[in-house]
Amino acid sequence: MGMKKYDHTKIEKKWQKEWDKEKLYKVEDSVTGKENFYQLVEFTYPSGNLHVGHWYAFAVPDIFARYKRMQGFNVLYPMGFDAFGLPAENAAIKENADPKVWTYEKMNAMRIQLKSMGAIFDWDREIVSCDPQYYKWTQWMFNKFLEHDLVYRDITKVNWCPKDQTILANEQVVDGHCERCGAEVEQRNQEQWMLRITKYADRLIDDLDALNWPEEIKAAQKNWIGRSEGSEIEFHIRQSPSPTLPKGKGEIPGYMTSNDEIYETVQERAVEMRKAPTKAEEILWDSLRGNKIGYHIRRQHVIDRFVVDFACLKENLVIEIDGDIHDLQKEKDEERTNILKNLGFRVIRFKNDEVIKNLDGVINKILNELKNPSLGEGQGWASSEIIKVFTTRADTLFGVTYIVLAPEHELVESLKSKVESEENRKQIEKYISDTKKKSELDRKQQKEKTGVELKGVKAVNPANGEEVPIWVADYVLAGYGTGAIMAVPAHDERDFEFAKKYNLPIKRVVEQKFIATDSPMHSELEIPATYRNAICAIIRNPKDDTYLCSVWKDIHCHGLITGGVEEDEDIVEGALREIYEETGYKNLKFIRNPDIAIHTFFYHRKKEVNRWARFQYLFFDLIDEVQDSIDENEFAIHDVVWKSKDELNDFFSVVEGEFSLTLIENNGDYVYTGEGILGNSGRFNGMDSEEARTKITEAVGGKMVKTYRLRDWGISRQRYWGTPIPIVYDPQGKAHPVPDEHLPWILPDDVDHKPSGVAPLAKSKELFMRTEKIFGEGWKPEVETMDTFVDSSWYFYRYLDNKNSKTFADKKHRDAWMPIDLYMGGAEHTTMHLLYSRFWVKAMHDLEMVKEIESYKVRRNRGLILGPDGNKMSKSKGNVVNPDEIVERLGADTVRMYLAFMGPYGVTVNYPWDPNGVVGVRRFLERVWKLKDKLKENKEGTSFFIEKSTHLAIKNITEYMESYKFNTAVSQMMILLNYLEKQDVTIEIYKTLLQLLSPFAPHMTEELWRDLGEKKSIHLTPWPTWDKDKIIDTVFKIVVQVNGKVRTQFEVESSMSEEDIKIKVLADQAIRSWTEGKEIKRVIYVKDRLVNIVV
RNA sequence: GCCCGAGUGGCGGAAUUGGUAUACGCGCACGACUUAAAAUCGUGUCUCGUAAGGGAUGUGGGUUCGACCCCCACCUCGGGCACCA
């Protein structure tokens, strides 16, 4: 027999050496009869100090990898070093060392520490990202991407860390500070190399659905990409005072005598127009609206209509149709055309018949004129400029009261020159320069919104022709959407805030009767308010035209009433009473909405009532249900009162908050959408809110677009310790990729890598000489290096074929292992590495470099190990747990096992390290060790109960392993041990226990295993299986409840019938004392579990 | 503000996913061994109550014969996004 006492110090080193010698963990591409299983953890940064977090990250997954191995899989669980990057460089600077030397030293130290874990890493497959044989392929991929336009060079606003003297990716900026060093990040404009990750934005979102990833990770990535679908709508710009019509009598021959008169006529015409567009107008309008060239010809506001039939303002083109109803225009066409021309318009004139008969010709003529303008930029009262706005709420278009441009918006410059006064222009200029001075952080943190109006220029709302003011304000971001918004203060908190401050009008969109093919009409109405947590019901009484609206507080409800009040108001009223009855709320209020002739229930759960209301639910069409459930006589009316319009209006004025509703006609049906409903699944009459938005957008000639929060990935770093960007510049400054035969494009050694704001490579003589030597005189190298996230975007391929000098990884090897079966890693990588590498693989796929479009089949995030005080471990808090010490004192097996025992793995939960807890696990291992001295040789000694316990343990442990619940797997082993210690245990049972334990405590179990005379490693044995016949229960404990409370319990044979059990239970003395004198209403029996007697 | 996730003993956490709440471990208390301590082993350990019983899974409701589990609302904590229109 071996050692008497469990001494990990001897065992662990011994077996690590032995396994090495036996090449126990050597992984081949294929093993007969075994399925491959590629398990990955993020490769480590060679900080030179392995902390508990590393153990948690690598040793616990090793338990799973070992389990899979025993299950008969050919498991690849590799390890390597993410060796480039800032921390290494910073540390090197601090210690005045060469980053390369430093990194390789630390890697050597870390390799030893990593080996102390006793993991199954196959070190022959190790990869190191700073090895030229690795970054050669990083560079090669960069060039491939460049070749296919996935890489470009552009001047962008970049995040600049003044301390680290480098550009940071958006992902590396946390709350305006550098993720690494904490310094406040500055914004700079700088030229850098960009990767077109935005091209993949949709796929990065959509492909998530098919992945077996936790929903939280998917949600975080979706958030990060930030796709929002909305509308792009054009607002034409008009200068005022507009229009500059000729003055005085008769200046437009045959038409008007004065501007006043013109105006009057216009008013009249406007009414007429809405009713009756000419046939020609309709045809032209419909045809041109659909044309794909991108011009929009639309009906203009009434004032335009006086002189033109259609105008394409962007091009200053006037299309006139001599229509039948244009009495005023029929004569003197020539003169009119001349006047228009003098005003700066191009005019095309058609006869009404011509339009109807030869539409194609007409359209072609217009398009031709649009493409080949015969006149320069116009002046006068039409402007050629258009503001494109982005909105997700096209349905609030009628509520627009002003337009806001971001200070950086390109139109600001040209509009500036059109403002009415010099003073205003100066204000604008000052505002813009002030904004520029503010950092991104300042802009985000400033409490008050600021802005300045562009006085004298107006934007025209395409829905109703209304002119609204244009403002410049920095609450609108240049980088999102179109950099311009339509402000709807009634339905947007930010716009509201701004409007309040600058006293801009606030217009609620209440009801819109919107007919897509006709000029939109709208009305604005005061509307009932809702309460916090309230249900609001609005009912119209058609008999006397009074309205009822009720608000309840804190009701929970699940669907309510709607339908034709007109047909049966009593039913609705009855239903209201029912709710009232149910909830008993006394503070019913009655408000009314004179314009919504339906009744609808809203559930409003907005926290603060003075914000604009949003509703969570809109309940429809449950009238049938209500009909069935109401007996009208049952309800007493409390405060249900019908009120007159005036009384209700008084009420409106005091109620806080409001809601809105938009009514849209859709093929004869009316569709309601409202705030809050849009963001939800609110539906009505088969058309949902998205359709509503689309319809409105189309009707005003806008288009549905997607925008993203995600930006392209800037990868240039002005640092030394990274993969050199394989680019050289010719004497004209044009960039060329370094051809493949010169890869790896080696990182030079002759640099002073101390940061100075200039890329360190710029000081390398060798690099410049090398460039000139290869490419010719005057050629210069790129001196920036790549973001290290590039290195880690493809590293998992390199493990598969780490010594290949012809390709990054041969197809044969890739096919053997990819995609990765299980990727366990840190939650901090969710929106960075995980997103980048998904993009990378998709790009590689598109360039036919790999076959998969996703590389990680299953992803599980892990949490952190906190210090014993429950805080994040940090030197400053003095709560850092040093694993080396604990391994020294208690052994690697104990540390592995304790980390597994703390809680479930693969969920983002942080666990504190408990110094006592780890001792408990050590105790368990010692008890396992000691059990060997109690073993009995003869097999007959294995009782039915011991076998049952063992097999049950195997079953449970196996199931727990499958769901990464290593904590409960360990507890099952403890339960088994607790039991076995009290029994006479055979060698067979003991061996099974050791096998179950071996993934957790590989060293100790190996020692005990061999000690039992086994020649072959325990780690080559198969995972124990259970015999389901051995775990069948013949006797069950049946719990007896009376009214759901446990009163007693029985043991029953599994053969006993349900009837017999019930009889036995009811006859029981203890139960009878509970049922005595009561009627037994029901007896519920749950097989093998319980009996519940209902009395 | 929006989107995820989570709230169970003194602590880490279990609970066959609607069927005996608190497994396993830590800690604590008592006991055994010891001159003593440590280690080890044993017993106990949600709470009120002498007991019979009652009450407890963040809070308040609901559904159910029965709820940590399902539904509604609220509160707290952790994470992602955020003047994102």
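First the proteins, then the strands, lettered A, B, ... as listed; each starts at 1. Just so it is clear, the values below take in all heavy atoms, side chains as well, and ignore hydrogens, waters and symmetry mates.
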Could you tell me whether [X] contacts a base, only the sugar-phosphate backbone, or nothing, with contacts defined as non-hydrogen atoms closer than 4.0 Å?
X         : answer
A:Lys965  : sugar-phosphate
A:Val1046 : sugar-phosphate
A:Thr391  : sugar-phosphate

Going by purine N1 to pyrimidine N3 plus the second Watson-Crick contact, or the G-U wobble pair, all under 3.5 Å, which nucleotide sits opposite [N]?
N      : value
B:rA52 : none
B:rG78 : B:rC4
B:rG44 : B:rC28
B:rG19 : B:rC65

task = Kindly say whether A:Leu397 contributes a backbone atom to a donor-acceptor pair with the side chain of A:Asn461 at under 3.5 angstrom?
result = yes
Look at the side chain of [X] and decide which nucleotide, out of [options], has an atom nearest to it.
X         : options                : answer
A:Pro904  : B:rG12, B:rA14, B:rC83 : B:rA14
A:Val1086 : B:rC83, B:rA14, B:rG19 : B:rG19
A:Glu216  : B:rA15, B:rC84, B:rC4  : B:rC4
A:Lys1045 : B:rG55, B:rG53, B:rG19 : B:rG55
A:Trp224  : B:rC81, B:rC4, B:rG19  : B:rC81
A:Asn223  : B:rC3, B:rA85, B:rG19  : B:rC3

Pairwise [atom1] distance for [N] and [M], with rounding to whole Å:
N      : M      : atom1 : value
B:rG62 : B:rC68 : P     : 15 Å
B:rC70 : B:rG19 : P     : 11 Å
B:rC81 : B:rC72 : P     : 27 Å
B:rU57 : B:rU22 : P     : 14 Å
B:rA6  : B:rU59 : C1'   : 16 Å
B:rC48 : B:rA56 : P     : 15 Å
B:rC30 : B:rC65 : C1'   : 43 Å
B:rC11 : B:rU43 : P     : 25 Å

query = Any cation-pi pair here, A:Arg838 with A:Trp213, using under 6.0 Å and within 45°?
reply = yes
message = Under 6.0 Å from the ring centre and within 45 degrees of the ring axis: does the NZ or CZ of A:Lys449 meet both conditions for the six-membered ring of A:Tyr475?
response = yes
Please confirm whether the shortest side-chain N or O distance from [X] to OP1 or OP2 of [N] is below 4.0 Å.
X         : N      : answer
A:Thr707  : B:rC84 : no
A:Arg1047 : B:rG54 : yes
A:Tyr475  : B:rA85 : no

task = State which residues pass side-chain contact (heavy atoms from CB on, under 4.5 Å) with A:Thr958; sequence neighbours excluded, sorted by chain then number.
result = A:Tyr67, A:Gln71, A:Ile954, A:Trp1023, A:Trp1026
What pairs of nitrogen or oxygen atoms, one from the protein and one from nucleotides 64-69 of chain B, lie under 3.5 Å apart?
| residue | atom | partner | partner atom | Å |
| --- | --- | --- | --- | --- |
| B:rC65 | OP1 | A:Arg1082 | NH1 | 3.0 |
| B:rC65 | O2' | A:Asn1092 | ND2 | 3.4 |
| B:rC65 | O2 | A:Asn1092 | ND2 | 2.4 |

request  = Show your working on side chain to side chain contact (heavy atoms under 4.5 Å, CB included) between A:Thr1075 and A:Ile1093 and close with a plain yes or no.
outcome  = CA-CA 8 Å; A:Thr1075 56; A:Ile1093 299 158; 4.1 Å; yes
ask   = Taking it one step at a time, do A:Leu977 and A:Val928 satisfy side chain to side chain contact (heavy atoms under 4.5 Å, CB included)?
value = CA-CA 7 Å; A:Leu977 179 70; A:Val928 173; 3.9 Å; yes
inquiry  = Show, in sequence, the C-alpha distance, side-chain angles and deciding distance for A:Ile1061 and A:Phe1050, and conclude whether the side chain to side chain contact (heavy atoms under 4.5 Å, CB included) test is met.
reply    = CA-CA 9 Å; A:Ile1061 291 171; A:Phe1050 283 104; over 6 Å; no
request  = Verify the distance criterion only: is there a donor paired with an acceptor across the side chains of A:Asn212 and A:Arg859 at less than 3.5 Å?
outcome  = no
request  = Check whether the side chains of A:Tyr708 and A:Thr198 place a donor and an acceptor atom closer than 3.5 Å, and report yes or no.
outcome  = no
ask   = Could you go step by step and tell me if A:Leu976 and A:Ser949 meet the side chain to side chain contact (heavy atoms under 4.5 Å, CB included) rule?
value = CA-CA 7 Å; A:Leu976 180 62; A:Ser949 303; 4.1 Å; yes
inquiry  = For A:Glu497, is there an ion pair with A:Lys501 - N to carboxylate O distance below 4.0 angstrom?
reply    = no
Return the polar atom pairs (N/O with N/O) between nucleotides 23-27 of chain B and the protein under 3.5 Å, or none.
| residue | atom | partner | partner atom | Å |
| --- | --- | --- | --- | --- |
| B:rG25 | OP1 | A:Asn978 | ND2 | 3.3 |
| B:rC26 | OP1 | A:Arg923 | NE | 3.2 |
| B:rC26 | OP1 | A:Arg923 | NH2 | 3.0 |
| B:rC26 | O2' | A:Asp914 | OD2 | 3.3 |
| B:rG27 | OP2 | A:Arg923 | NH2 | 3.4 |

